[in-house]
Amino acid sequence: MSTQVYYYLFLILFLVVFIISIIAILKNPFYSNPAKLLWIAVCLFMPFLGSLIYYFYRKG
C-alpha cells in the first residue's frame with residue numbers, strides 16, 4: 001500500500017473520532033452549556049488529544 005492510502009485512512013479515522021466526540025459532548029445531559037462549550041473548544045483546538053482526554057475523563 002502506498003503512503004497516500006495510509007494518509008487517507010488516518011484522516012478518515014481522525015474525522016470519525018472527532019465527530020463522534022463532538023456529538024457525545026452535545027448529547028451529554030450531565031454537563032451545563034458552558035461546560036459543553038469548554039469541551040468543544042478543547043476538541044477544536046487540540047482535536048485528537050482533546051477527544052482522547054474527553055473519552056478518558058467522562059468514563060472516569
Side-chain angles (χ1 to χ4, degrees):
M1 294 177 78
S2 70
T3 307
Q4 190 175 14
V5 173
Y6 289 123
Y7 173 74
Y8 286 124
L9 286 175
F10 180 74
L11 180 66
I12 291 170
L13 176 67
F14 170 76
L15 287 174
V16 166
V17 168
F18 179 71
I19 291 170
I20 289 174
S21 65
I22 295 295
I23 291 171
I25 291 168
L26 292 174
K27 288 180 128 184
N28 193 336
F30 299 111
Y31 290 139
S32 63
N33 286 337
K36 288 179 184 181
L37 191 61
L38 178 67
W39 275 115
I40 290 173
V42 168
C43 287
L44 284 176
F45 290 118
M46 300 182 301
F48 191 72
L49 184 62
S51 297
L52 288 177
I53 290 171
Y54 174 73
Y55 279 115
F56 287 122
Y57 179 75
R58 76 175 180 142
K59 291 184 180 182

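- Each of Val42, Ile40, Asn28 was compared with Tyr54 under the side-chain contact (heavy atoms from CB on, under 4.5 Å) criterion, and only Asn28 meets it.
- Ala35 is linked by a side-chain contact (heavy atoms from CB on, under 4.5 Å) to Tyr31, Ser32, counting only residues two or more places apart in sequence or in another chain.
- Across all their heavy atoms, Ser51 and Cys43 have their closest contact at N-SG, 3.9 Å.
- Every residue meeting the side-chain contact (heavy atoms from CB on, under 4.5 Å) condition with Ile20, not counting sequence neighbours, appears here in chain and number order: Val16, Tyr55.
- One distance of note links CG of Leu44 with CH2 of Trp39; it measures 13.0 Å at 0.5 Å rounding.
- For Ile19, the side-chain contact (heavy atoms from CB on, under 4.5 Å) criterion is met by Ile23, not counting sequence neighbours.
- Residues Val17 and Leu26 do not share a hydrophobic cluster, clusters being chains of Ile/Leu/Val/Met/Phe/Trp/Tyr side chains in contact below 4.5 Å.
- In this structure, Phe14 places its CZ atom where more than 12 heavy-atom neighbours from other residues, nucleotides or ligands lie under 6.0 Å away.
- The shortest distance between side-chain heavy atoms of Phe18 and Ile22 falls below 4.5 Å.
- Summarising the geometry, atom CG belonging to Leu52 is positioned 10.5 Å from atom CE belonging to Met46; distances are rounded to the nearest 0.5 Å.
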